[in-house]
Amino acid sequence: MSQTKTELLQGNLYIKGEWVSEEEQTYFESINPATQELVGTCAAATASQVDDAVRAASTAYSHWKNTSIPERAAFLTKVALLFEDRKEELAQVMTKEMGKPLTESIGEVGVVIATAQYMAGEGRRLFGEIVPAGFPDRDIKMVREPLGVVACITPWNFPVSLASYKVFAALIAGNTVVWKPASEVALSAKIFMEVLHAAGLPKGTINLLTGSGRIVGQKLATHSEVKIISFTGSTEVGQQLAEMSSKTLKRISLELGGKNAVIVLKDADLDKAAEGIVKSAFTTTGQRCTAASRVIVDRSVKEELLKKVIALTEEMKIGNGLDKGVVIGPLVNEQQCRLVEDYVQKALEEGGNIALGGRALSELGACYYMPTIIDNVHSNHTIAQEEVFGPVLAFIEVNGYEEAMSVNNGTMYGLSTSIYTRSLHYASRAAKDAVSGLVYINNGTSNAEMGVAFGGMKMSGNGHREVSHHAFDVMTEWKSVYTNY
Ligand code: NAP
């Protein structure tokens with residue numbers, strides 16, 4: 001279907017409370033992976049525009065840090081209400097830009113609303129500490145203070161909720177923000193920013209820079225006025241940012257990749273396990289940091305579990321995320337689709353067998369890949385070690401709990417582990433033994449609730465946590481005040 005020009009969206013930069021562009025501004029395209037149609041174009045920020053945005057945030061900080069927390073919370077409460085009004089519209093654009101089913105996109109806007117409400121309330125609990133003094137006539141208190149300009153850099157798989165975790169925690173704590181979203185979802189970011197603009201936040205408190213990660217992201221990571229980098233994305237880029245930002249001693253919070261596993265012991269409820277596996281592996285077309293990409297199953301129940309997982313996967317409708325009933329959309333772009341193909345090919349070369357799928361669905365479009373299950377995988381195979389970020393699930397057979405946990409912990413990642421068992425003993429041990437930031441017992445790998453610390457261990461992060469009040473460990477620093485009287 002051809003699009004008229006007026007249907008196309010255009011995103012500019014949002015700096016100091018205004019939508020800006022230069023005469024010579026270059027624009028990049030946002031392409032719908034389901035149809036290959038143009039969704040719209042977005043401004044690619046230049047290095048000098050990055051300077052402008054950081055300066056605007058830095059100037060706004062001197063006022064914003066001195067506003068009261070209830071005043072900041074009032075903005076977030078308003079933001080939550082305004083997102084309700086634009087939920088459907090924003091969800092549509094998200095689905096068009098990155099392909100996930102509309103129901104998932106609507107759910108994601110719901111998370112943004114919940115995060116705004118949660119952080120508005122949590123601001124009231126930015127408590128300090130009173131410490132008993134070692135000398136008479138002295139009081140000692142410790143207070144949390146904001147740091148200044150926070151650069152938030154986010155990926156495309158959750159275009160707005162991951163931003164809301166960072167942006168709302170930064171704002172309620174009294175920091176100001178420059179946000180660089182992933183290029184694939186720059187138009188979703190534009191709508192997010194329109195909502196914040198409508199809430200009437202003071203000019204410069206939040207700024208949006210779209211454009212290449214290499215130019216905008218790197219400039220932010222090395223900018224002397226940026227005090228915090230809050231990054232969610234690949235481990236590789238996270239490592240680069242950590243290195244670059246170390247020169248100016250920035251605080252950096254990293255939420256990175258995963259190679260998450262579902263362990264299934266022989267006493268597990270296999271129907272429940274199959275349900276959890278399929279949902280964790282294939283929703284968002286496997287493009288979740290917490291997606292299950294390994295099933296580590298006791299040899300005695302492998303065949304039965306595999307059959308159930310295949311049967312449930314075959315029921316999943318694949319197609320354009322805007323179409324009713326679709327639960328698996330396309331991958332985000334053709335490049336990601338080719339990457340998945342390469343991983344599957346390599347898995348076969350290393351000895352795996354295709355139990356389901358194993359091919360691109362070019363009859364649907366350039367970015368579709370069949371949900372794929374690879375059997376006979378060994379823990380040292382590439383497919384069992386590297387993050388694919390696509391609808392590919394590896395089955396690894398083991399003998400009992402000890403081997404299962406050793407395989408689970410045998411990757412460089414440590415984001416999410418799930419175990420299905422009826423044994424209190426093994427469930428409790430797994431909670432302790434799994435080297436991952438998230439552990440789920442009799443639940444899939446992918447489930448985050450508001451107020452619960454979210455983040456990974458090992459190469460899945462650098463120890464910081466989001467979603468909960470622990471986000472303030474990133475967004476504030478402690479000041480100790482001694483008073484002699
Ligand atoms: P990515 O390639 O690392 O990109 C993430 C963000 O960094 C984008 O905004 C990107 O901008 C920017 N960027 C890219 N190269 C950069 C550079 N050299 N310097 C500074 N910034 C740069 O990740 P992605 O492909 O968008 O997302 C997938 C990854 O995110 C997966 O590894 C997934 O596991 C991880 N993830 C982790 C979590 C978590 O909470 N742990 C959640 C979701 C996703 P451009 O788009 O312009 O390149």
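As the structure lists them, so they are numbered: ligands from 1, and atoms in each ligand from 1.
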* Take atom NZ of Lys16 as the centre, draw a 6.0 Å sphere, and report whether it contains more than 12 heavy atoms from other residues, nucleotides or ligands. => no

* Partner of Tyr369 by side chain to side chain contact (heavy atoms under 4.5 Å, CB included), out of Ile318, Leu331, Ile328 -> Leu331

* Asked: Side chain, backbone, both or neither: which part of Leu162 comes within less than 4.0 Å of ligand 1 when only heavy atoms are counted?
  -> side chain

* Between Leu438 and Ala453, which heavy-atom pair has the shortest distance, and what is it? -> CD2-O, 3.9 Å

* Structure fact -> Nearest heavy-atom approach of Asn157 to Cys289 is ND2-N, 3.8 Å

* Of the backbone atoms (N, CA, C, O) and the side-chain heavy atoms from C-beta on, which set of Glu387 has a member under 4.0 Å from an atom of ligand 1: side chain, backbone, both, or neither? -> side chain

* To do: Report, in ascending order of atom number, the atoms of ligand 1 lying under 4.0 Å from any heavy atom of Ser183.
  => 45 (P), 46 (O), 47 (O)

* What part of Val216 sits under 4.0 Å from ligand 1 if we count only heavy atoms: the side chain, the backbone, both or neither? -> neither

* Structure fact -> Nearest heavy-atom contact between Leu147 and Lys227 is O-CG, 3.5 Å

* For atom 27 (O) of ligand 1, grab the closest protein heavy atom and report residue, atom and distance to one decimal in Å. => Pro155 CB, 3.3 Å

* **Per atom 35 (C) of ligand 1, closest listed option by heavy atom (Gly437, Gly455, Gly233)** => Gly233

* For Ile153, counting its heavy atoms only, list the atoms of ligand 1 lying under 4.0 Å from any of them. => 6 (C), 7 (O), 9 (O), 12 (C)

* Are any of the N or O atoms of Arg288 closer than 3.5 Å to those of ligand 1? -> no

* **Atoms in ligand 1 with a heavy atom of Pro181 nearer than 4.0 Å** => 9 (O)

* Atoms of ligand 1 close to Cys289 [distance to a heavy atom under 4.0 angstrom, numbered from 1] -> 34 (O), 36 (N), 37 (C), 38 (C), 39 (C), 40 (O), 41 (N), 42 (C), 43 (C), 44 (C)

* Identity and separation of the nearest protein heavy atom to atom 8 (C) of ligand 1 -> Thr154 O, 3.3 Å

* For atom 48 (O) of ligand 1, state which one of Gly213, Ser416, Ala182, Ala186 supplies the nearest heavy atom. => Gly213

* Look at atom 41 (N) of ligand 1 and say which protein heavy atom is nearest, naming residue and atom and giving the distance to 0.1 Å. => Leu256 O, 2.7 Å

* To do: Could you tell me whether some N/O pair between Asn157 and ligand 1 is separated by less than 3.5 angstrom?
  => no

* **Which residue and heavy atom of the protein sit nearest atom 28 (C) of ligand 1, plus the separation** => Phe389 CE2, 3.5 Å

* If you count the atoms of ligand 1 from 1 in the order shown, which ones are under 4.0 Å from a heavy atom of Phe454? -> 40 (O)

* Asked: Which residue supplies the protein heavy atom nearest to atom 25 (O) of ligand 1, what is that atom called, and how far is it?
  -> Trp156 NE1, 3.0 Å

* Gly456 touching ligand 1 at heavy-atom level, < 4.0 angstrom -> no

* Asked: Looking only at heavy atoms of Gly211, does any of them come nearer than 4.0 Å to an atom of ligand 1?
  -> yes

* Taking non-hydrogen atoms only, is Ser212 closer than 4.0 angstrom to ligand 1 via side chain, backbone, both or neither? -> backbone

* Is Lys166 close enough and on-axis enough to Phe231, meaning under 6.0 Å and within 45°, for cation-pi? -> no

* Asked: Taking the six-membered ring for Trp, are Phe192 and Phe168 parallel (under 30°), tilted (30 to 60°) or perpendicular (over 60°)?
  -> parallel

* Quick one: sort the Trp156 and Phe389 rings into parallel, tilted or perpendicular, breaks at 30° and 60°. => perpendicular

* Give the minimum heavy-atom separation between Tyr440 and Ala448, together with the two atoms involved. => OH-N, 4.3 Å

* Within a distance under 4.0 Å of any heavy atom of Gln240, pick out the atoms of ligand 1 and give their elements. => 18 (N)

* **Shortest non-hydrogen contact between His464 and Glu255, atoms and distance** => O-OE2, 3.4 Å

* To do: Evaluate whether atom CD of Glu449 has more than 12 neighbouring non-hydrogen atoms of other residues, nucleotides or ligands under 6.0 angstrom away.
  => no

* **Any side-chain heavy-atom pair of Leu256 and Met459 under 4.5 Å** => no

* Asked: Under a heavy-atom criterion of less than 4.0 Å, does Phe158 contact ligand 1?
  -> no

* Between Arg86 and Val195, which heavy-atom pair has the shortest distance, and what is it? -> CD-CG2, 4.0 Å

* Asked: Under 3.5 Å between some N or O of ligand 1 and some N or O of Ser460?
  -> no

* Decide whether Ser416 and Thr290 meet the rule of one side-chain donor and one side-chain acceptor closer than 3.5 Å. => no

* Exceeds 12 heavy-atom contacts within 6.0 angstrom, atom NZ of Lys346 -> no

* Asked: Nearest to atom 29 (C) of ligand 1 by heavy atom, Gly217, Ala221, Ser234, Gly238: which?
  -> Ser234

* What do you think, any protein heavy atom under 4.0 angstrom from atom 4 (O) of ligand 1? -> no

* Any salt bridge between Glu122 and Arg125, counting N to O under 4.0 Å? -> yes

* Structure fact -> for atom 16 (C) of ligand 1, nearest protein heavy atom and its distance come out as Val237 CG1, 3.5 Å

* Given Glu341, Gln335, Gln336, the one that forms side chain to side chain donor-acceptor pair (under 3.5 Å) with Arg338 -> Glu341

* How does Leu241 reach ligand 1, by side chain, by backbone, by both or by neither, if only non-hydrogen atoms under 4.0 Å count? -> side chain

* Structure fact -> Min over Gln336, Gln218, Glu184, Lys180 of heavy-atom distance to atom 45 (P) of ligand 1 lands on Lys180

* For ligand 1, which atoms, with element, lie under 4.0 Å from some heavy atom of Gly257? -> 32 (O), 34 (O)

